[in-house]
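To start, the structure itself, in structure tokens.
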Amino acid sequence: MWQELIQEVRVAQMGVQILFGFLLTVVFTPKYDDLTDTDRTIYLATVVLGAAATGALIGPVSLHRLVSGRRVKPQAVRWASRLTLLGLVLLLATTTASLLLILRVASDDGFVPWLVVGVVGWYLLCWFALPLWTRHRYTSR
């Protein structure tokens with residue numbers, strides 16, 4: 001199970017690291033000075049969420065490195081799995097806040113929250129609902 005988990009983490013890590021790297025550069029752009037107080041608050045929350053997601057998704061790698069050879073693989077897999085799930089939830093929050101900020105800056109329309117809700121619904125379906133349904137439907141009892 002360890003190899004599968006680490007492979008899954010690699011995919012999520014790539015996404016969160018690219019998003020977090022992008023977020024770190026926003027504050028140095030001229031457009032940042034034009035953001036409203038609300039948009040700056042959303043930005044700051046997004047950066048903190050991105051940092052937390054990065055930590056949670058890199059955590060399993062550090063965990064593996066520090067406990068490797070200590071005969072605690074079942075416990076390490078369990079903790080790494082929890083960190084990965086937490087990282088995915090934080091990545092969902094980071095992506096949601098990023099999308100909200102970008103769409104607020106790109107458009108003044110009232111449909112922005114509805115677009116964000118629609119995308120979040122899609123993420124929830126793909127990342128959690130479908131896997132949980134599959135787990136429930138196809139796991140033998």
Side-chain angles (χ1 to χ4, degrees), residues 1-70 72-141:
M1 288 184 66
W2 185 258
Q3 294 301 324
E4 292 172 355
L5 180 63
I6 290 300
Q7 190 61 30
E8 293 165 2
V9 168
R10 282 186 184 126
V11 172
Q13 274 180 352
M14 180 66 74
V16 76
Q17 288 172 334
I18 290 169
L19 178 57
F20 187 53
F22 164 75
L23 287 170
L24 292 176
T25 66
V26 170
V27 74
F28 300 106
T29 65
K31 185 77 171 171
Y32 183 78
D33 294 333
D34 297 336
L35 293 180
T36 66
D37 288 341
T38 300
D39 290 337
R40 284 179 187 228
T41 301
I42 294 169
Y43 171 73
L44 293 174
T46 304
V47 169
V48 170
L49 287 167
T54 300
L57 289 170
I58 291 175
V61 175
S62 177
L63 177 68
H64 178 263
R65 184 56 22 228
L66 293 172
V67 302
S68 183
R70 306 275 180 178
V72 294
K73 190 168 276 190
Q75 295 86 351
V77 169
R78 196 167 25 259
W79 278 106
S81 180
R82 290 173 182 160
L83 280 171
T84 302
L85 184 58
L86 175 61
L88 289 173
V89 170
L90 290 167
L91 179 57
L92 173 65
T94 305
T95 305
T96 300
S98 298
L99 183 62
L100 177 63
L101 178 61
I102 290 166
L103 292 177
R104 281 177 54 93
V105 171
S107 173
D108 294 335
D109 293 329
F111 67 85
V112 165
W114 297 107
L115 283 174
V116 173
V117 166
V119 171
V120 169
W122 176 248
Y123 286 161
L124 290 171
L125 177 69
C126 293
W127 293 5
F128 300 104
L130 184 59
L132 288 171
W133 176 82
T134 302
R135 177 177 157 178
H136 174 75
R137 173 76 169 88
Y138 297 106
T139 300
S140 54
R141 293 186 172 100

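The figures here come from the full heavy-atom set of this structure, side chains too, leaving out hydrogens, waters and symmetry mates.
- In this structure, F20 has no ring-ring contact (aromatic ring centres under 6.0 Å, His included) partners at least two apart in sequence or on a different chain.
- Between I18 and F22, every side-chain heavy-atom pair lies at or beyond the 4.5 Å cut-off.
- Between L63 and A76, the shortest heavy-atom contact is CD2-O, 3.3 Å.
- Put simply, CG on L49 and CG on L92 are 10.0 Å apart, with the number rounded to the nearest 0.5 Å.
- Under the 3.5 Å distance criterion, with hydrogens and angles disregarded, no donor-acceptor pair is assigned to the side chains of R10 and Q13.
- Rounding to the nearest 0.5 Å gives a distance of 9.5 Å between CG of L90 and OG1 of T54.
- Listed for the S81 side chain is no donor-acceptor partner under 3.5 Å among the backbone atoms of V77.
- Note that CG of L100 is 10.0 Å distant from OG1 of T38, once rounded to the nearest 0.5 Å.
- Separation of atoms CG (L101) and OG1 (T41) is listed at 10.5 Å; rounding is to 0.5 Å.
- Residues passing the side chain to side chain donor-acceptor pair (under 3.5 Å) test with E4: none are found, sequence neighbours excluded.
- Looking at every heavy atom in both residues, L5 comes nearest to A80 through CD2-CB, 3.2 Å.
- Other residues, nucleotides and ligands contribute only 12 or fewer heavy atoms inside 6.0 Å of the CG atom of D108.
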### Task
Let me see the working for L19 and L91 under side chain to side chain contact (heavy atoms under 4.5 Å, CB included), right down to the final yes or no.
CA-CA 9 Å; L19 178 57; L91 179 57; 4.3 Å; yes
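- The distance from the OG atom of S107 to the CD1 atom of I102 is 13.0 Å, given to the nearest 0.5 Å.
- Judged by distance alone, the side chain of S62 and the main-chain N or O of G59 form no donor-acceptor pair under 3.5 Å.
- The environment of D37 atom CG is sparse: at most 12 non-hydrogen atoms of other residues, nucleotides or ligands sit within 6.0 angstrom.
- No donor-acceptor pair under 3.5 Å is formed between the side chain of T46 and the backbone N or O of T94.
- Side chain of Y43 to backbone of A97: no donor-acceptor contact under 3.5 angstrom is found.
- Within a 6.0 Å sphere centred on CZ of F128, heavy atoms belonging to other residues, nucleotides or ligands number more than 12.
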### Task
Would you check, one step at a time, whether the test side chain to side chain contact (heavy atoms under 4.5 Å, CB included) holds for V72 with Q75?
CA-CA 5 Å; V72 294; Q75 295 86 351; 3.7 Å; yes
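- The CD atom of Q3 sits 11.5 Å away from the CD atom of E8 when rounded to the nearest 0.5 Å.
- For CH2 of W127, the number of neighbouring non-hydrogen atoms (other residues, nucleotides, ligands) closer than 6.0 Å is greater than 12.
- At most 12 non-hydrogen atoms from other residues, nucleotides or ligands lie less than 6.0 angstrom from CZ of F28.
- The minimum heavy-atom distance between G87 and A53, with the atom names listed, is O-CB, 4.0 Å.
- Annotation: salt bridge (Lys or Arg N to Asp or Glu O under 4.0 Å) contacts involving residues 43-67, sequence neighbours excluded, are absent.
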### Task
Run the numbers on R40 and D33 for side chain to side chain contact (heavy atoms under 4.5 Å, CB included), then give the verdict.
CA-CA 9 Å; R40 284 179 187 228; D33 294 333; 4.2 Å; yes
### Task
Apply the test side chain to side chain contact (heavy atoms under 4.5 Å, CB included) to residues L57 and L83: give CA-CA distance (whole Å), side-chain angles for both, the deciding distance (0.1 Å), then the verdict.
CA-CA 7 Å; L57 289 170; L83 280 171; over 6 Å; no
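- Considering all non-hydrogen atoms of both residues, A56 and P60 come closest at O-CD, 3.1 Å.
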